[in-house]
Asker: 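Just dropping this structure here.
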Amino acid sequence: MRWSQAFIPTLRDDPTDAEAISHRLLVRGGYLRQLMAGAYSLLPLMIRVRSKVATVIREEMDRIGGQEFLLPAVHPAEIWQKSGRWEIMGDEMFRLRDRKGADLALGMTHEEVFSTLALELRSYRDLPQFWYQIQTKFRDEPRPKGGVLRTREFTMKDSYSFDMESAGLDSSFDRHYVAYQRIFARLGLDAVPVEASSGAMGGSDSIEFMVRSNSGEDDVVYCGACGYAANMERATSRIDAIEDGAVHAEVEKFATPGVRTILDLSTFEGGAARESQIKSLVYMMEGELTLVLLRGDHALVEQKLQDGTGAIDLRPAHPEEIQAVLGANPGSLGAVGVKGVPIVADPALAGRYNMVTGANEDEFHLRGVDVERDIEVTTWMDVREITDGEACVTCGEPLEVFKAIEVGHIFKLGTKYAEAFGVSVLDEEGAAITVIMGSYGIGLERNIAAVVETHHDEKGIVWPVAIAPFVVVITVLRADVTEVLDAGERLYRDYQQAGIDTILDDRVERPGVKFADAELIGIPYRVTVGPRGLENGLVEIQDRARGTTEEIAIGDAISHVIQLIGQ
RNA sequence: CGGGCUGUGGCGCAGCUUGGUAGCGCACCUGCUUUGGGAGCAGGGGGUCGCCGGUUCGAAUCCGGCCAGCCCGACCA
C-alpha cells in the first residue's frame with residue numbers, strides 16, 4: 001500500500017467524546033469512526049487488523065477440530081420463542097417485522113440457529129462436533145461505551161460443542177480452554193482465566209478470560225500467591241471474625257431521629273460501628289418482595305443474588321412497595337420479627353449478636369439483635385462484594401481487586417437448547433440421547449481494543465507484529481526527490497517479495513508528520529529512507545516496541561527486519 | 001430509566017449573558033520558499049450554527065418541544 005493513496009484519516013487532536021485510551025487512539029489513528037451510539041464504521045486499517053485477528057482465531061479453532069459456518073444475522077421469532085428467550089432477552093434484542101408482518105430478530109447469539117442445524121445430527125458416531133462462525137452480533141445495549149469495547153453491533157467468534165455426555169463436554173470445554181489461551185497469547189494479551197457467573201441463561205463451569213485494564217468494566221478478584229481468580233460476581237473471601245462482646249443483650253428499640261444511613265448510625269450517639277449493623281436491602285424478585293441482609297460495611301453483588309435465587313426478574317423495590325409490606329421507609333428497615341417475607345442473609349452475619357438494625361418504624365432502630373435468635377432467615381447465601389486486601393479462601397493471602405476487560409467467555413450450556421429443539425442422537429443401543437452443549441465466545445473488536453489498551457505509549461499504538469495492519473512502514477523523507485523515492489520503491493518491492501506487509505509512506509510531507517503518523521498508527525518497524533543515509537548506502541530501522549534505532553546497509557534491510565521479527 | 005453535560009465547516013474550540021445573518025487553530029486547495037521530529041509567507045475553498053415551532057423588524061444568541069451524543073449510576077450470556 002502506498003500511503004499517498006491510502007485512506008488513513010489521522011487526527012492531531014483527541015476527539016472529545018473519547019474516554020478510553022483504545023477509543024482515542026483508534027479514532028485518532030484512522031481506524032474507526034462512530035456512526036451512532038454503539039455503532040462504528042471500521043476503516044481500512046481496522047479491517048486489516050481485524051482480519052489478522054480472525055486468522056489467528058480460525059487457525060486455533062481449526063486446530064481443535066472446529067468447522068466454520070456462517071449463519072444468518074436475521075432470525076425468525078419462532079426459534080427464539082422455542083428456546084424461551086424471545087421474552088427473556090427483552091429490550092436487549094433488536095426486533096423488526098418483515099413485509100408480511102412476521103416478527104424477526106437480529107441475532108444476539110446463535111444457540112438457536114446452531115441447535116436447529118444440529119437436528120441433523122443422527123448418530124453418536126457424529127460426535128463430538130465443534131461448530132463456529134465469525135459473525136456480526138446485535139445487542140441493544142442500554143449503554144454502549146469505550147468506543148469499540150462495548151457496542152450494539154460487533155463481530156464475534158462464537159462456537160458451540162455437541163457431545164454425548166458430560167465427560168465429552170468436559171473434554172470439549174478443555175480443548176476450547178487451551179485454544180483460547182493460545183489465541184490470547186498470539187494476540188499479545190495477558191488474559192487471566194477467572195471463575196464467572198454464567199448469567200441468567202444457566203450453565204456451569206463458566207470461565208471468563210480477563211485482561212487487566214482501567215478501561216475494563218468488570219472487577220476481578222485475584223490472589224497473587226495461589227492464583228485464585230474470580231469475577232467479582234462470583235468471588236468469595238475469608239473475613240476476620242468480629243467479637244460481639246461477652247454479654248448477649250436483648251432486643252431494645254431506640255429512637256434515631258434523622259438517621260437514614262449506615263454511616264449516620266455509625267456516628268450516632270448510641271448507634272454502632274458499621275460492621276455491627278445489619279444492612280437491610282429490599283428487592284422485588286419475580287414479583288415477590290424479598291429482604292436481603294448484609295453486614296453494615298458490606299456491599300451487595302446483585303448478580304450473586306440473581307444466581308443464588310435463580311430469579312431473572314429482579315430489581316430494588318420501590319419505596320411504596322417497601323412501605324406497604326414493612327410499614328417503614330428505607331433508612332429504618334430491618335428483618336426482626338418479619339414473617340411471610342423471604343429473608344436472604346449473607347453468611348458474614350452468621351453467629352453475630354448485639355447488632356443494630358432498623359425497627360421497621362420510621363426514626364427507630366433496634367439494638368441487641370442476635371441474627372439467628374431474632375431473625376427468621378429463609379436462605380443463607382453469599383451475596384457480598386469482596387474488597388481489596390481481604391484474605392484468599394484457598395491460601396489466606398491478601399486478595400487484589402482489579403478492573404478488567406472480558407475478552408472471552410466459555411461455559412457449559414448443558415442440555416437446555418438440545419432439549420428445547422429436540423437435538424438427540426442414537427447411542428450404541430439405538431436409544432435417543434439428548435446431546436449436551438458448550439458455548440464459547442470471543443469479541444473481535446473488543447479484543448483489538450484490549451490489545452490497544454495494553455500496547456501503547458504516549459505517541460500511539462504499539463501493535464504486536466501478529467496483528468499489526470502493516471509490519472513495516474517505509475518512511476521516505478523527501479518523497480519529492482526522485483532518487484530517494486526510487487530507493488523507497490525498491491525496498492517496498494523487496495519487503496513485499498519477502499512476504500512482509502508493508503506500507504510505503506510516499507507522501508510529500510515533512511519528516512515530523514510522517515514519523516508522528518507512523519507512531520500513532522503503531523507500525524512495529526519503521527524503515528527510514530532519506531537523502532542523508534542514502535549517500536552512504538544506509539537506511540535507518542526503528543523498532544517501535546523496543547525503542548531502538550539502527551543504521552543498516554540497504555542490502556541488509558530485509559534480513560535485519562526478519563531477524564527483529566524473529567526475536 | 002434517574003442524575004449531570006454537550007450539539008457552531010473534517011477535528012478541536014470561541015461567539016450566546018447584553019439579538020443585527022459567523023470567527024479562530026489544525027486539516028484542505030494554489031503558488032513560492034523550506035525539508036531527519038507535527039514548517040513559513042501569500043492567496044483561496046468549505047458551515048441549513050442538531051431539528052421543529054414561537055417571540056421579534058431581525059434569532060447561533062431569547063422561549064417551548066423534540067432528537068442525538070458523552071459522563072456517572074441503574075441495567076447488561
Side-chain angles (χ1 to χ4, degrees), chain A residues 7 9-20 23-24 27-28 30 33-39 83 85 88-93 107-112 137 139-147 149-152 156 158 160 196-204 206-208 217-218 231 233 283 300 302-303 306-307 312-316 318 406 408-414 416-417 437-441 443 459-460 475-481 484 505 507-520 526 528-535 538-540 542 549 551:
Chain A
F7 184 65
T10 57
L11 302 174
R12 191 174 290 206
D13 302 310
D14 274 338
T16 38
D17 54 0
E19 190 85 353
H23 187 190
R24 290 209 296 261
V27 171
R28 267 189 63 202
R33 286 296 183 264
Q34 183 178 46
L35 182 62
M36 62 174 176
S83 68
R85 295 159 110 189
I88 291 167
M89 288 311 185
D91 290 337
E92 207 171 327
M93 187 151 73
M108 311 173 60
T109 173
H110 284 75
E111 277 83 1
E112 280 80 358
K137 305 292 189 212
R139 297 182 186 180
D140 193 359
E141 293 284 346
R143 192 178 156 199
K145 60 186 289 198
L149 277 170
R150 178 168 221 87
T151 54
R152 299 197 293 171
M156 185 181 205
D158 49 326
Y160 306 85
S197 157
S198 44
M201 291 319 300
S204 58
S206 172
I207 290 182
E208 289 168 345
E217 302 179 273
D218 288 274
N231 190 303
E233 296 176 346
Y283 269 77
L300 171 72
E302 221 170 67
Q303 189 69 46
Q306 192 163 12
D307 291 347
I312 289 165
D313 182 21
L314 164 152
R315 61 167 170 83
H318 301 141
E406 180 191 337
H409 192 178
I410 61 177
F411 61 102
K412 298 180 180 174
L413 283 175
K416 178 187 164 70
Y417 296 94
M437 295 169 59
S439 170
Y440 318 88
K459 291 173 174 173
T475 301
V476 179
L477 306 178
R478 301 305 307 265
D480 55 334
V481 176
V484 184
D505 189 354
R507 295 174 299 169
V508 179
E509 280 289 353
R510 320 205 94 235
V513 171
K514 299 182 149 207
F515 293 154
D517 274 345
E519 281 151 353
L520 209 213
R526 187 181 80 208
T528 309
V529 182
R532 208 174 67 191
L534 231 41
E535 284 176 17
L538 297 173
V539 293
E540 183 185 276
Q542 189 189 60
T549 303
E551 301 252 284

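Every chain is numbered from 1, with letters handed out A, B, ... down the list of sequences.
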Asker: Check every strand shown and say whether A:E519 touches a base, only sugar-phosphate, or nothing at a heavy-atom separation below 4.0 Å.
Answerer: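 Contact class for A:E519: base.
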Asker: Between B:G23 and B:G46, how far is it from one C1' atom to the other, in whole Å?
Answerer: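 Looking at atom C1' only, B:G23 and B:G46 are 14 Å apart.
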Asker: Where the side chain of A:T109 is defined as all heavy atoms beyond and including C-beta, which of B:A77, B:C72, B:G38 is the nearest nucleotide?
Answerer: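 When the side chain of A:T109 is considered, B:A77 is the closest of B:A77, B:C72, B:G38.
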Asker: Which nucleotide in the set B:A74, B:G37, B:G38 lies at the smallest distance from any side-chain heavy atom of A:Q542?
Answerer: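 So the side chain of A:Q542 is nearest to B:G37.
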Asker: Is A:Q303 near enough to B:C76 that one of its side-chain N or O atoms lies under 4.0 angstrom from OP1 or OP2?
Answerer: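 Answer is no, no contact under 4.0 Å.
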Asker: Would you measure the distance from the C1' atom in B:U18 across to the matching atom in B:C76 and give it in whole Å?
Answerer: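 B:U18 and B:C76 have their C1' atoms separated by 48 Å.
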Asker: For the CD atom of A:E141 and the CE atom of A:M108, what is their distance to the nearest 0.5 Å?
Answerer: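 Rounded to the nearest 0.5 Å, the CD-CE separation comes to 7.5 Å.
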Asker: Which part of the nucleic acid, if any, lies within reach of A:T16 when heavy atoms closer than 4.0 Å are counted: base, sugar-phosphate only, or nothing?
Answerer: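 Counting heavy atoms under 4.0 Å across all strands, the contact made by A:T16 is with sugar-phosphate only.
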Asker: Between B:C57 and B:G69, how far is it from one P atom to the other, in whole Å?
Answerer: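 Approximately 38 Å lies between the P atom of B:C57 and that of B:G69.
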Asker: Take the protein atom CG of A:L300 and the nucleotide atom P of B:A74, then report the distance between them rounded to whole Å.
Answerer: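 My rounded result for the distance is 11 Å.
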Asker: Does any nucleotide pair with B:U30 by Watson-Crick or G-U wobble geometry, both distances under 3.5 Å, and what is it?
Answerer: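 In the structure as shown, B:U30 has B:A42 as its Watson-Crick or wobble partner.
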Asker: Of the listed nucleotides (B:C70, B:G38, B:G73), which one gets closest to any side-chain atom of A:R143?
Answerer: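 Nearest to the side-chain atoms of A:R143, counting from C-beta on, is B:G73.
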Asker: Just how far is it from atom CZ of A:R28 to atom CG of A:D13, taken to the nearest 0.5 Å?
Answerer: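 A:R28 atom CZ to A:D13 atom CG measures 7.5 Å (nearest 0.5 Å).
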Asker: Select base, sugar-phosphate, or nothing to describe what A:M36 touches, counting heavy atoms under 4.0 Å on all strands.
Answerer: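 If one applies the 4.0 Å heavy-atom cut-off, A:M36 turns out to touch the sugar-phosphate alone, with no base involved.
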Asker: To the nearest Å, give me how far apart CG (A:D17) and C1' (B:C72) are.
Answerer: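 Atom-to-atom, A:D17 to B:C72, this comes out as 16 Å.
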Asker: Suppose we define a pair by two distances each less than 3.5 Å, Watson-Crick or G-U wobble; what does B:U61 pair with here?
Answerer: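 Checking every strand shown, B:U61 finds no partner, since no pair has both distances under 3.5 Å.
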Asker: Which base sits across from B:C1 as a Watson-Crick or G-U pair, both distances under 3.5 Å?
Answerer: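 Its partner is B:G73.
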Asker: Once rounded to the nearest 0.5 Å, what's the spacing between atom NE2 of A:H409 and atom CD1 of A:I207?
Answerer: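 Interatomic distance, A:H409 NE2 to A:I207 CD1, rounded to 0.5 Å: 8.5 Å.
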Asker: Mark up nucleotides 22-36 of chain B, 5' to 3', with B wherever a protein heavy atom is under 4.0 angstrom from a base atom, S wherever such an atom reaches only the sugar-phosphate, and - elsewhere.
Answerer: ---BSS------BBB
Asker: Should A:R507 and A:D517 count as an ion pair when the cut-off is N to O under 4.0 Å?
Answerer: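 So A:R507 pairs with A:D517 through a salt bridge.
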Asker: For B:A68, which nucleotide is its Watson-Crick or G-U wobble mate, given both distances must be under 3.5 Å?
Answerer: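 With both distances under 3.5 Å, B:A68 matches B:U6.
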Asker: Rounding to an integer number of angstrom, what distance separates B:G45 and B:G50 when you compare their P atoms?
Answerer: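 About 24 Å, rounded to a whole number of Å.
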Asker: Using a cut-off of 4.0 Å on non-hydrogen atoms, how would the nucleic acid contact of A:A37 be classed: base, sugar-phosphate, or nothing?
Answerer: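 Sugar-phosphate: the residue A:A37, judged by heavy atoms under 4.0 Å, touches backbone atoms but no base.
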Asker: Determine the Euclidean distance between corresponding C1' atoms of B:A42 and B:U61; express it in Å to zero decimal places.
Answerer: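 After rounding to an integer number of Å, I get 35 Å for this pair.
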Asker: If I take atom CD in residue A:E141 and atom C1' in nucleotide B:C1, what distance separates them, rounded to the nearest angstrom?
Answerer: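 It is 15 Å, rounded to the nearest whole Å.
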Asker: How close or far is atom C1' of B:A74 from atom CG of A:D91, stated in whole angstroms?
Answerer: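 Atom-to-atom, A:D91 to B:A74, this comes out as 14 Å.
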Asker: Suppose we define a pair by two distances each less than 3.5 Å, Watson-Crick or G-U wobble; what does B:C49 pair with here?
Answerer: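 Across all strands, not a single nucleotide pairs with B:C49.
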Asker: At what distance, to the nearest 0.5 angstrom, does CD of A:E111 lie from CG of A:L413?
Answerer: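 Interatomic distance, A:E111 CD to A:L413 CG, rounded to 0.5 Å: 5.5 Å.
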Asker: What integer number of Å spans the P atoms of B:C28 and B:G20?
Answerer: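 Result for the P pair: 34 Å, nearest Å.
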Asker: Taking the nucleotide of RNA chain B with the closest heavy atom to each, which residue, A:K514 or A:L314, is nearer the 5' end?
Answerer: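 Final value for this comparison: A:K514.
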Asker: Contact class for A:P142 (heavy atom, under 4.0 Å): base, sugar-phosphate, or nothing?
Answerer: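 Base contact - A:P142 has a heavy atom under 4.0 Å of at least one base atom.
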Asker: Salt-bridged, A:R526 to A:E540, with N to O below 4.0 Å?
Answerer: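 A salt bridge is present here (some side-chain N lies under 4.0 Å from a carboxylate O).
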Asker: Can you find a donor-acceptor N/O pair under 3.5 angstrom joining the side chain of A:R150 to the base of B:C76?
Answerer: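 Answer is yes: a donor-acceptor pair is held.
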Asker: Report the distance from atom NZ of A:K514 to atom CD of A:E519, rounding to the nearest 0.5 Å.
Answerer: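 Answer for the NZ-CD pair, A:K514 versus A:E519, is 13.5 Å.
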Asker: Measuring only the C1' atom in each nucleotide, how far is B:C41 from B:G37? A whole number of Å is fine.
Answerer: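 It works out to 22 Å between them.
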Asker: At under 4.0 Å between heavy atoms, how does the protein contact nucleotides 3-10 of chain B? Give one character per nucleotide, 5' to 3', with B, S or -.
Answerer: --------
Asker: In whole angstrom, what separates A:R24's CZ from B:G12's P?
Answerer: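 Distance, rounded to whole Å: 13 Å.
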Asker: When all nucleic acid strands are considered with a 4.0 Å heavy-atom cut-off, which category describes A:E217: base, sugar-phosphate, or nothing?
Answerer: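 Nothing: the residue A:E217, judged by heavy atoms under 4.0 Å, touches no strand.
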Asker: Taking atom P in both B:C13 and B:G9, compute the distance separating them and give it to the nearest angstrom.
Answerer: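 Taking atom P in both B:C13 and B:G9, they lie 12 Å apart.
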Asker: What is the separation between atom CZ on A:R507 and atom C1' on B:G37, rounded to the nearest whole Å?
Answerer: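 Result: 13 Å.
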Asker: Does a side-chain N-to-carboxylate-O contact under 4.0 Å join A:E19 and A:K145?
Answerer: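 Salt bridge between A:E19 and A:K145, a charged N being under 4.0 Å from a carboxylate O: no.
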Asker: Using both distances under 3.5 Å as the test, list the Watson-Crick or G-U wobble partner of B:U21, or none.
Answerer: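 Because no pair has both required distances under 3.5 Å, B:U21 counts as unpaired.
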Asker: Using atom CD of A:E208 as one end and atom P of B:C76 as the other, report the distance to the nearest whole Å.
Answerer: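 Rounded to whole Å, this separation is 14 Å.
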Asker: Looking at every strand, decide which applies to A:R315 at a 4.0 Å heavy-atom threshold: base, sugar-phosphate, or nothing.
Answerer: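 Nothing, no nucleic acid heavy atom in range.
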